[in-house]
Amino acid sequence: MNSYQWRELTRSGFTKMNDQYVRNKLKIVILPFLHRGHWTRISEPVEGRLSYKPPIYDINAPDLYIPLMAFGTYLVLDVLSLGLCGNSELAFCERNGWLGFLQVMLLEITLLSLGSGESPLLDIVAYAGYANAGLCLAVLCKTIWGYSYYVLIPRTCLCTGVFLVKTMKRVLFAEAKSYVTQAGIIRERTPLML
């Protein structure tokens, strides 16, 4: 990543956050059932167009800090877990990288199949990466007690699914509900997944 790409990334708002935001966002990602606030992002008009507030001002805004740090933590905890079990294979890093890429592509294809073609790639990377926070918790508990992993993985899948559906509900409902044909006629579309 060159310096121009890094400046654009920092200007886009994906890295503007503080400790309180990180704590609150991890609570929402790991325990989405306890979140009592709203799930929509806060928008503001900027120079005649609609823009969203950065994560430091909006708890529902996607960021890249938590997904990237959670992925790195997951890799470290996985190495620790494999080392404690006596397995010295390090081919899992390549496998985990491909699984992360597959997860992002699966989410992108799902959104495209629902008619939402305008989702930014960095938003999708951020939303797909939030699952790594729950995986870190599952692998950490696996190192303490091996069988807890099999209880926490379905719970992590459920919480990640609830978080994604509630967070992306505005995108799914708005884009999947109606579409404009080539003749300019607005037609109703029934959502496939919801």
For residues 23-36, pull every pair meeting side chain to side chain donor-acceptor pair (under 3.5 Å), keeping only residues two or more places apart or in separate chains. none
To the nearest 0.5 Å, what is the distance between CG (Leu68) and CG (Asp63)? 9.0 Å
Kindly write out the residues that satisfy side chain to side chain contact (heavy atoms under 4.5 Å, CB included) with Lys53, not counting sequence neighbours, or none if the list is empty. Ile42, Glu44, Tyr57, Asp58
Is there side-chain contact between Trp39 and Val165, with at least one heavy-atom pair below 4.5 Å? no
Distance, nearest 0.5 Å, that separates CD1 of Ile28 from CD1 of Ile59: 4.5 Å
Please name all residues satisfying side chain to side chain contact (heavy atoms under 4.5 Å, CB included) with Phe33, sequence neighbours left out, ordered by chain then number. Leu158, Cys159, Val162
If you compare all heavy atoms of Pro67 against all heavy atoms of Ala126, which two are closest, and at what distance to 0.1 Å? CG-O, 3.4 Å
With sequence neighbours left out, what residues match Val22 under side chain to side chain contact (heavy atoms under 4.5 Å, CB included)? Met17, Leu26, Tyr65, Ile66
With distance as the sole test, does Thr160 use its side chain to make a donor-acceptor pair with the main-chain N or O of Thr156 at under 3.5 Å? yes
With Asn60, which residues qualify under side chain to side chain donor-acceptor pair (under 3.5 Å), at least two apart? His38
Please give the remaining members of the hydrophobic cluster of Leu31, linking ILVMFWY side chains under 4.5 Å, ordered by chain and number. Ile30, Leu34, Leu137
Leu77 and Cys136: which non-hydrogen atoms are nearest, and at how many Å? CD1-O, 3.5 Å
Same cluster or not: Leu106 versus Leu164, using hydrophobic residues (I, L, V, M, F, W, Y) connected whenever any side-chain heavy atoms lie under 4.5 Å apart? no
For Ala61 and Pro54, which heavy atoms make the closest approach, and how far apart are they? CB-C, 4.2 Å
Test Tyr74 against every option in Val79, Val139, Leu140 by the side chain to side chain contact (heavy atoms under 4.5 Å, CB included) rule and name the one that passes. Val139
Look at the side-chain heavy atoms of Ile, Leu, Val, Met, Phe, Trp and Tyr, link any pair under 4.5 Å apart, and say whether Tyr130 and Leu152 land in one connected group. no
All side chain to side chain contact (heavy atoms under 4.5 Å, CB included) counterparts of Asn18, not counting sequence neighbours: Gln20, Tyr21, Ile56
Quick one: which residue pairs count as a side chain to side chain donor-acceptor pair (under 3.5 Å) with a foot in residues 131-152, not counting sequence neighbours? none
